[in-house]
Amino acid sequence: HDGRIPLTAITGTNGKTTVTRLLSYVLGKAGRKVGMTTTDGIFVNGVRVARGDTTGPISARTVLADPEVDTAVLETARGGIVKRGLGFDWCDVGVITNVREDHIGQDGIECLEDILHIKSLIAERVREGGTLILNAEDENLAKNASVWGKNREIVFFALNPHEPVLLTHIQAGGTAYFENSGWICEARSG
């Protein structure tokens with residue numbers, strides 16, 4: 001009734017496109033009509049409707065304005081955030097894959113903290129009651145989880161099932177995902 005659809009925003013230094021494609025694929029298989037923005041273009045229901053790097057706010061608004069789309073999965077890159085902001089006000093799920101020094105020297109970025117500040121916009125724009133998914137193996141993300149997690153669910157992921165941040169989070173009643181013997185495993189509430 002308010003025109004809103006479920007929206008996931010994915011950012012990070014590496015892995016954004018892979019996570020965006022994976023999530024879009026799973027949601028599509030679950031019967032959702034997914035609008036997706038990536039570095040390869042805009043896709044609606046698995047069909048490319050625009051080519052190029054479409055990770056900025058104009059592409060996000062294009063997906064959100066499409067009446068066929070009932071779920072949005074938006075790769076959200078540093079350049080778009082710095083130059084034009086976001087193409088949405090709130091997201092239901094935010095994912096930050098990692099924060100690395102890859103873009104130092106671009107767009108006035110001088111240090112890792114600058115990159116973290118830019119990427120943290122996704123964490124800040126997860127709606128109250130929404131979910132923020134963070135890489136437990138990224139020290140900068142893990143140490144900011146308590147700040148970003150106010151009124152949001154924090155979910156961690158890691159390749160290492162013995163990652164201390166992951167284990168502490170699970171033992172405290174949180175949810176986490178990790179790889180174990182070739183399987184993606186979910187752990188909840190201890």
Side-chain angles (χ1 to χ4, degrees), residues 1-13 15-28 30-39 41-45 49-50 53-99 107 113-136 138 140-157 169 174-177:
H1 70 283
D2 64 2
R4 290 193 175 268
I5 60 172
L7 191 158
T8 299
I10 297 127
T11 197
T13 304
K16 298 179 298 292
T17 303
T18 302
V19 171
T20 302
R21 288 178 181 163
L22 177 63
L23 180 57
S24 296
Y25 177 79
V26 170
L27 289 168
R32 302 306 302 229
K33 295 176 181 159
V34 180
M36 174 179 76
T37 62
T38 70
T39 53
I42 298 173
F43 295 78
V44 175
N45 275 334
V49 298
D53 185 342
T54 61
T55 58
I58 294 169
S59 301
R61 285 192 290 272
T62 299
V63 164
L64 295 171
D66 190 319
E68 187 177 349
V69 172
D70 67 14
T71 303
V73 180
L74 308 175
E75 180 179 346
T76 309
R78 165 207 46 83
I81 294 171
V82 169
K83 293 172 185 165
R84 293 192 180 92
L86 300 174
F88 57 89
D89 54 357
W90 297 101
C91 57
D92 300 286
V93 178
V95 179
I96 307 178
T97 60
N98 53 38
V99 178
D107 299 318
E113 289 75 26
D114 291 345
I115 299 169
L116 181 63
H117 179 72
I118 293 164
K119 301 294 185 177
S120 71
L121 182 60
I122 294 300
E124 295 165 7
R125 300 316 297 171
V126 173
R127 69 168 173 76
E128 187 173 315
T131 302
L132 177 59
I133 302 170
L134 301 171
N135 183 345
D138 187 303
N140 287 303
L141 300 180
K143 75 180 180 186
N144 282 288
S146 61
V147 174
W148 295 334
K150 291 181 173 68
N151 301 315
R152 299 170 182 97
E153 179 184 5
I154 296 292
V155 172
F156 279 111
F157 70 90
H169 184 68
T175 300
Y177 293 86

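No hydrogens, no waters, no symmetry mates; every other heavy atom, side chains included, goes into these values.
- A salt bridge does not link D70 to K33: none of the charged side-chain nitrogens sits closer than 4.0 Å to a carboxylate oxygen.
- Listed here is the closest heavy atom pair of P57 and R84: CG-CB, 3.4 Å.
- Separating the OG atom in S120 from the CD1 atom in I96 is a distance of 7.0 Å, to the nearest 0.5 Å.
- Residue L74 holds its CG atom at 5.5 Å from OG1 of T76, rounded to the nearest 0.5 Å.
- Salt-bridge check for R4 with D89: passed, with a basic side-chain N closer than 4.0 Å to an acidic carboxylate O.
- The backbone N or O of T97 sits less than 3.5 Å from a side-chain atom of N135, completing a donor-acceptor pair.
- Inter-residue side-chain proximity for M36 and T38 is flagged as met; some heavy-atom pair is nearer than 4.5 Å.
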For this session: Show your reasoning for whether side-chain contact (heavy atoms from CB on, under 4.5 Å) applies to V155 and L134.
Result: CA-CA 6 Å; V155 172; L134 301 171; over 6 Å; no
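- A donor-acceptor pair is defined here as one N or O able to donate and one able to accept, closer than 3.5 Å; no such pair exists between the side chain of H169 and the backbone of A136.
- To the nearest 0.5 Å, atom CG of residue L116 and atom CG of residue L141 are 6.5 Å apart.
- S24 OG to I10 CD1: the interatomic distance, rounded to the nearest 0.5 Å, is 6.5 Å.
- V95 and V19 get closest at one heavy-atom pair: CG1-CG1, 4.3 Å.
- The two residues V126 and G94 come nearest to each other via the heavy atoms CG2-N, 3.6 Å.
- Between R78 and I115 the shortest side-chain heavy-atom distance does not fall below 4.5 Å.
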Exercise. Taking it one step at a time, do T55 and T37 satisfy side-chain contact (heavy atoms from CB on, under 4.5 Å)?
Worked result: CA-CA 6 Å; T55 58; T37 62; 5.5 Å; no
Exercise. Does the pair T17 and E75 meet the rule for a side-chain hydrogen bond (donor to acceptor under 3.5 Å, both in side chains), with working shown?
Worked result: CA-CA 6 Å; T17 303; E75 180 179 346; 2.8 Å; yes
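- When every heavy atom of A72 is checked against every heavy atom of L64, the shortest pair comes out as CB-CD2, 3.8 Å.
- By the 4.5 Å heavy-atom criterion applied to side chains, E68 and N45 are counted as neighbours.
- Note that the CD1 atom of I133 and the CZ atom of F156 stand 11.5 Å from one another [nearest 0.5 Å].
- In this structure the side chain of N140 never reaches within 4.5 angstrom of the side chain of N98, judged on heavy atoms.
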Problem set entry | side-chain contact (heavy atoms from CB on, under 4.5 Å) evaluation trace for I42 with T54 | CA-CA 6 Å; I42 298 173; T54 61; 3.7 Å; yes
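- The existence of a salt bridge linking D92 and R127 is confirmed by a sub-4.0 Å separation between a basic side-chain nitrogen and an acidic carboxylate oxygen.
- Closest non-hydrogen pair, G87 versus A60, comes out as CA-CB, 4.0 Å.
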For this session: Show the numbers, then the answer: is there a side-chain contact (heavy atoms from CB on, under 4.5 Å) between R152 and E128?
Result: CA-CA 6 Å; R152 299 170 182 97; E128 187 173 315; over 6 Å; no
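- With values rounded to the nearest 0.5 angstrom, K143 atom NZ is found 9.5 Å from D138 atom CG.
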